[in-house]
S.K.: 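Handing you this structure, nothing more for now.
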Amino acid sequence: MKKDNGKNGKAVWGLRIMFVACLILLTVPLSAMASRERYVLDFNDTQIRGYKGDAATIFLKKSLKAQYPWVRIDNMKLEKVVLVAKSKMGHGRAELRVGNWQTDMFRVSGSPQLFHDSGRYAFDRLRFQNPSKNSKGPWQIELKGNFIVRKIVLVVREHKKREFYGGYNWHYDRHRR
């Protein structure tokens, strides 16, 4: 039996190319709707400690808004947080709270000899994953002990609102009058 690579073969390849092109066109706008961003919150080696054994709280949304005032927090989903800090005795503990959820307490290393050393090697880096399925509610880091915090890195996924370029946009039309 003879293989037919004539008109039918070209039609099959044409259909495959069209299918791949349509697939690309459909998936690109979906990936453009959510982008992953990093925000570095600079704390300039600030010393933070609780009062009479209570935990000190770093309010991440408030700090993000103070350092990046143009950012819309309500469109963000927190993915992870990186804390760059050190504790005075090496026994400090930190946890991430998102809404009503929190991570386990993690030990932040350090020593009295390196506590006032500003070298990069003196700081510990803790990585927290978001313990919540969503990012509603406060974003906070609870610190128990005596710390120097250099920076906190927030990794978020920003969901952009769809724009209406064609068709009827009730919200826009209502405010034009």
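These numbers come from a predicted model, not from an experiment. Excluded from the calculations below are hydrogen atoms, water molecules and symmetry mates; all remaining heavy atoms, backbone and side chain alike, are included.
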S.K.: So Val149 and Asp45, do their side chains get closer than 4.5 Å, heavy atoms only?
M.R.: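 When only atoms from C-beta onward are counted, Val149 and Asp45 do not touch, as no gap falls below 4.5 Å.
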S.K.: Pairs in or reaching into residues 35-75: which pass ring pair (Phe, Tyr, Trp, His ring centres under 6.0 Å), with residues at least two apart or in two chains?
M.R.: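 Every ring pair (Phe, Tyr, Trp, His ring centres under 6.0 Å) pair that includes a residue of residues 35-75, provided the two are not neighbours, is Tyr39-Tyr68, Tyr68-Trp70.
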S.K.: Can you find a pair of side-chain heavy atoms, one from Thr46 and one from Ile148, that are under 4.5 Å apart?
M.R.: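 In short, these two side chains do not touch, never coming nearer than 4.5 Å.
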S.K.: From Arg150 CZ over to Arg120 CZ, what is the distance, rounded to the nearest 0.5 angstrom?
M.R.: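 That separation rounds to 9.0 Å.
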S.K.: Okay, side chain of Arg36, backbone of Glu158: is any donor-acceptor separation there less than 3.5 Å?
M.R.: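 Here the side-chain-to-backbone pair does not exist.
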S.K.: With a sphere of 6.0 Å drawn around CE of Met89, does it hold more than 12 non-hydrogen atoms of other residues, nucleotides or ligands?
M.R.: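 Open.
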S.K.: One pair to check against side-chain contact (heavy atoms from CB on, under 4.5 Å): Tyr121 and Leu114. What are the steps and the verdict?
M.R.: CA-CA 9 Å; Tyr121 57 87; Leu114 295 176; 4.1 Å; yes
S.K.: Does the side chain of Phe123 come within less than 4.5 Å of Lys151's, by heavy atoms?
M.R.: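 SC-SC contact between Lys151 and Phe123 ruled out.
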S.K.: Is there a donor-acceptor pair closer than 3.5 Å between any side-chain N or O of Asp124 and the backbone N or O of Lys86?
M.R.: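 Judged by distance alone, no pair lies under 3.5 Å.
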S.K.: Less than 4.5 Å apart, side chain to side chain, heavy atoms only: is that true for Leu143 and Val108?
M.R.: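 No. Closest side-chain heavy atoms not under 4.5 Å.
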S.K.: Check this for me: Asn100, atom CG, are more than 12 non-hydrogen atoms of other residues, nucleotides or ligands nearer than 6.0 Å?
M.R.: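 No - once you tally the heavy atoms of other residues, nucleotides and ligands closer than 6.0 Å, there are 12 at most.
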S.K.: Could you tell me which non-hydrogen atom of Leu96 sits nearest to which non-hydrogen atom of Gln129, and how far apart they are?
M.R.: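 So the two residues come closest at CD2-O, 3.9 Å.
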S.K.: Strictly distance-based, threshold 3.5 Å: is any side-chain N or O of Trp139 a donor or acceptor partner for the main-chain N or O of Ser135?
M.R.: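 Yes: the side chain of Trp139 pairs with the backbone of Ser135.
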S.K.: Should Arg107 and Ser87 be marked as a side-chain contact (heavy atoms from CB on, under 4.5 Å) after you check the CA-CA gap, both sets of side-chain angles, and the distance that decides it?
M.R.: CA-CA 9 Å; Arg107 189 175 75 78; Ser87 63; 5.9 Å; no
S.K.: Do the side chains of Val40 and Leu83 join up, straight or via other hydrophobic residues, at under 4.5 Å, putting them in one cluster?
M.R.: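 Shared cluster, yes.
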S.K.: When you look at Arg93 and Glu95, which way does the salt bridge (charged side-chain N to carboxylate O under 4.0 Å, His left out) test go after all the steps?
M.R.: CA-CA 7 Å; Arg93 303 222 177 266; Glu95 73 178 1; over 6 Å; no
S.K.: Is the shortest side-chain heavy-atom distance between Leu41 and Leu64 below 4.5 Å?
M.R.: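 Of all side-chain heavy-atom pairs linking Leu64 with Leu41, at least one is under 4.5 Å.
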S.K.: Given the rule in the side-chain contact (heavy atoms from CB on, under 4.5 Å) test, do Ile152 and Ile58 qualify, once you have shown the distances and angles that lead to the verdict?
M.R.: CA-CA 10 Å; Ile152 297 173; Ile58 299 175; 4.0 Å; yes
S.K.: Determine whether Val71 and Met76 make a side-chain contact, defined as any pair of heavy atoms from C-beta on separated by less than 4.5 Å.
M.R.: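 Yes, close enough: below the 4.5 Å cut-off.
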S.K.: Of the non-hydrogen atoms in Asn146 and Gln47, which two are nearest, and what is the gap between them?
M.R.: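 Heavy atoms of Asn146 and Gln47 come nearest at OD1-NE2, 2.9 Å.
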S.K.: Pairing donors with acceptors under 3.5 angstrom, does anything connect the side chains of Arg97 and Gln140?
M.R.: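 Looking only at side-chain atoms, Gln140 and Arg97 do not form any donor-acceptor pair under 3.5 Å.
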S.K.: Roughly how far, to the nearest 0.5 Å, is the CZ atom of Arg38 from the CG atom of Leu154?
M.R.: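 Answer for the CG-CZ pair, Leu154 versus Arg38, is 10.0 Å.
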S.K.: Can you establish whether the number of heavy atoms outside Arg125 located under 6.0 Å from its atom CZ is more than 12?
M.R.: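 Yes, enclosed.
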S.K.: Flag the pair Leu78 / Val98 as yes when at least one side-chain heavy-atom distance between them is below 4.5 Å, and no otherwise.
M.R.: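 Yes, their side chains come closer than 4.5 Å.
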S.K.: Taking Ser132's backbone N and O only, do any of them form a donor-acceptor pair with Asn130's side chain (distance below 3.5 Å, no angle check)?
M.R.: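 Answer holds: yes.
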S.K.: I'd like to check Ser63 versus Lys65 (side-chain heavy atoms, cut-off strictly below 4.5 Å). Are they in contact?
M.R.: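 Of all side-chain heavy-atom pairs linking Lys65 with Ser63, none is under 4.5 Å.
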S.K.: Would you please say whether a donor-acceptor pair under 3.5 Å links the side chains of Thr57 and Glu142?
M.R.: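 Per modelled atom types, Thr57 and Glu142 side chains form a pair under 3.5 Å.
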